[in-house]
Student: 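Below: one structure in structure tokens.
FYI, the numbering just counts along the sequence from 1. Just follow the structure's listing: the first ligand is 1, and inside any ligand the first atom is 1.
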Amino acid sequence: MPVQRTLFGQPLALRLPPRRFQLLVVFVILFIATIYAFGAPSADRIPTYEQVKDAVKDPHLPDLPDLSDIKDHIPKLPTELPQLPKLPNIGDLPVPDIFSPPAHKPPEQANSTASSSYGAIKWLTDFKWHTFFSKEVALDESRVVLPPLANRPPIYTYYEPKSKQDKKVTEAENRLILAWRRAWWAQGFKPIVLNHKDAMGPQYEMVQRMKLEPSMELELFRWLAWAKQGGGILANWLTLPMAQFDNPMISFLRRNEFPKLSRVESLQNGIFFGDSAAVDEAIQQAINNKLLQDVPANKDKIAKLAVQDGGMVVNLLSADVAVDKKANGLAYYNQDVVNNKYKTVRDKLSNTTQVEGLELLADLINSHLHLTFQETHPDGIAIVKPLPEHTTALTYTAIEIGRNLTQCPSSPMPQSCPPNRQKCKPCDPNKPFPFKLVPGFKNATKQYSIGSVPHPYTLASLHYTREDIDAKFLTDEAERDLWLTALTKELLGPGHSALYRVLFFKEEVASLRKASHSLWLTAERTTQADLEWIFGFNLPQSASPNKEPSSPSKDSELIIFPRPAEPKAIEGVGEQEERWIRKEEERLKKAREVLSQSHKAKKDDPVRGKVKEVEDWSLADTEAWRFARAFSARRRNERKDWEDQEEKFSGSERKAGVKAGGGRWSDRFR
Ligand SMILES: *[C@@H]1O[C@H](CO)[C@@H](O)[C@H](O)[C@H]1NC(C)=O
Ligand SMILES: *[C@@H]1O[C@H](CO)[C@@H](O)[C@H](O)[C@H]1NC(C)=O
Ligand SMILES: *[C@@H]1O[C@H](CO)[C@@H](O)[C@H](O)[C@H]1NC(C)=O
Ligand SMILES: *[C@@H]1O[C@H](CO)[C@@H](O)[C@H](O)[C@H]1NC(C)=O
């Protein structure tokens with residue numbers, strides 16, 4: 001008789017344990033295998049008590065401003081204690097997921113990389129950009145999720161150099177067109193310069209046979225070229241957007257929906273907008289007008305129409321086009337305006353000094369754009385300097401840009417106002433434009449903020465005044481996400497998690513409206529590119545050597561102003577001693593080297609591990625740095641692609657004789 005085994009008096013059968021125990025055993029084995037394969041989670045990769053507390057304390061995200069349009073795409077935020085795999089610091093530890101297959105990475109998008117000294121910058125454009133960590137959407141450690149590019153509506157202009165025109169004049173005109181392209185680009189448009197080839201077709205030949213005066217023929221060709229593009233906005237290349245980004249007229253144009261063919265009151269033929277059908281219809285009517293059947297006989301009548309409001313084409317129509325009366329955001333520097341308002345320029349524009357005149361006109365327009373920028377930010381420029389005790393070396397570039405932005409614009413007529421705002425407040429060097437250092441970011445649209453985003457390694461090295469940052473130092477002494485916390489402490493208050501702060505920061509960097517009030521540089525980059533495309537005008541490149549306005553040379557009509565002083569140290573922080581600043585510069589240099597080495601190094605090189613540890617320690621700061629960097633790299637790529645496409649056309653940098661790739665402000669990526 002077999003022995004009956006018992007346990008606590010119960011007979012014990014030798015059979016397999018129940019199913020749930022089987023499952024448990026599988027789990028335990030898997031867990032041990034995972035630990036064996038990947039190592040035990042180290043202390044700094046496990047969320048700390050503080051983080052979990054933070055996440056619990058601040059579980060919901062207060063309504064972020066300006067999100068209405070993308071609300072549907074915002075991920076649902078945790079309403080209870082977040083599940084561990086979602087927490088940042090565990091991200092590196094593969095979570096054994098035995099129930100579902102892994103997701104595929106989204107395919108790489110076209111033009112989604114840029115090179116830099118600190119490794120390739122890669123991004124993925126996705127509506128779900130509003131996520132804490134890009135990795136969750138991109139499923140790729142190295143890819144940053146950026147919002148979709150704002151659609152740039154095209155704005156057309158028409159340019160054809162006069163026949164037998166001096167090459168120098170053409171080049172000067174090209175520089176003016178470049179200024180036009182930059183200003184519209186900065187306002188979110190895609191500026192396109194058309195020429196007679198764009199106008200060609202049966203109607204073109206018909207117009208040629210009419211033997212109109214050159215200026216009138218040009219006006220018709222301009223419309224023909226526009227019609228062939230399918231309508232939209234047609235502007236003269238001396239019509240510029242001269243207002244803040246959200247000016248109603250400019251916002252209206254940006255929407256690119258024009259049911260009716262319209263012009264703008266008092267802007268003559270400076271700008272038209274209308275859809276394709278309306279433009280085609282207008283051209284038909286104009287060409288079929290009886291006056292054009294016999295041009296020589298009706299010469300005087302046609303000439304009269306051409307000088308009436310709106311120009312020749314609209315006056316050949318049976319009914320006037322719609323007239324927009326409230327538009328105040330556009331400035332048109334046509335001959336009448338220059339003759340009446342800008343005498344210095346007019347005097348030079350006479351035949352023998354035409355090149356000089358055109359150059360002065362470009363300076364004048366540039367100064368008005370710059371002045372408009374200053375006037376739309378009456379609270380001035382703020383250089384954001386979180387943790388100001390040891391971060392002076394991080395602010396050099398931002399301060400340099402800020403100084404030039406606050407300088408009075410170089411201009412042949414510094415007291416003049418743009419044509420659309422005769423009551424402007426000209427810049428006065430005796431009443432300097434506000435320019436300050438601030439320890440935290442402010443939510444203000446009347447102020448323009450420039451910040452320099454450091455890699456957490458750079459910041460840790462400067463803040464803790466250490467050449468070398470290692471894991472032990474991090475766990476023993478360093479705080480996490482120092483930079484973002486300091487940046488947003490005052491504005492958002494202390495009680496928020498780093499996750500919330502990173503979302504807030506992304507919004508500030510990337511949302512269309514807000515991006516026009518701040519600029520975020522990468523602290524490790526030593527060059528900045530494209531500033532004139534971001535602002536829409538050139539920053540002054542020379543300054544008066546003394547306190548008085550002066551001219552760059554004896555016979556120059558241009559007036560330049562003194563360079564504003566550096567901003568004062570933040571109150572309560574005090575001036576840093578020179579020798580400590582020198583130390584900081586050394587540390588910054590060293591940090592740059594470490595970051596650059598780390599990207600070139602092999603996978604198992606210790607320098608890589610070192611940087612990775614710091615990144616893992618401050619995940620939110622790392623994300624902020626990568627986001628700001630990718631955002632600006634993509635902006636740069638978008639711009640450069642566009643320039644490459646337009647290179648052969650008038651107004652391109654090449655045609656205007658603007659050198660690319662030289663000097664400190666070159667457009668090389670570093
Ligand atoms: C990518 O860049 C090329 C030129 O560099 C351009 O022709 C192409 O249109 C771009 N593609 C996208 C999707 O932007
Ligand atoms: C310049 O213009 C004046 C009249 O405005 C004219 O008499 C003169 O011939 C012109 N000179 C040249 C070189 O075209
Ligand atoms: C920023 O300012 C806007 C408008 O002034 C306001 O609606 C928004 O709530 C502010 N955001 C924060 C975070 O203070
Ligand atoms: C600022 O102006 C100085 C001269 O005053 C010039 O050397 C420098 O290149 C300018 N910087 C920028 C960013 O335009």
Student: Would you mind running through ligand 4 and noting each atom that sits below 4.0 Å from a heavy atom of Leu539?
Tutor: 13 (C), 14 (O)
Student: Which one of Asn404, Leu405, Thr397 has a non-hydrogen atom at the shortest distance from atom 3 (C) of ligand 4?
Tutor: Asn404
Student: Check whether any N or O atom of Gln407, backbone or side chain, sits under 3.5 Å from an N or O atom of ligand 4, and answer yes or no.
Tutor: no
Student: Output yes when Arg501 and Glu623 qualify as a salt bridge under the 4.0 Å nitrogen-oxygen rule, no when they do not.
Tutor: no
Student: Does the cation-pi check pass for Arg152 over Trp185, that is, NZ or CZ under 6.0 Å from the six-membered ring centre and within 45° of its axis?
Tutor: yes
Student: Within 45° of the ring axis of Trp642 and under 6.0 Å from its six-membered ring centre, is that where the NZ or CZ of Lys190 lies?
Tutor: yes
Student: Is ligand 4 under 4.0 Å from a heavy atom in the side chain of Arg403, in the backbone, in both, or in neither?
Tutor: neither
Student: Within the 4.0 Å heavy-atom shell around Glu400, which atoms of ligand 4 are there?
Tutor: 1 (C), 8 (C), 9 (O), 10 (C), 11 (N)
Student: Which of the numbered atoms in ligand 4 are under 4.0 angstrom from any heavy atom belonging to Pro540?
Tutor: 1 (C), 2 (O)
Student: Between Phe627 and Trp129, what is the ring plane arrangement, given parallel below 30°, perpendicular above 60°, and tilted in between?
Tutor: parallel
Student: Can you tell me how the ring of Phe373 sits relative to the ring of Phe535, calling it parallel under 30°, perpendicular over 60° and tilted otherwise?
Tutor: perpendicular
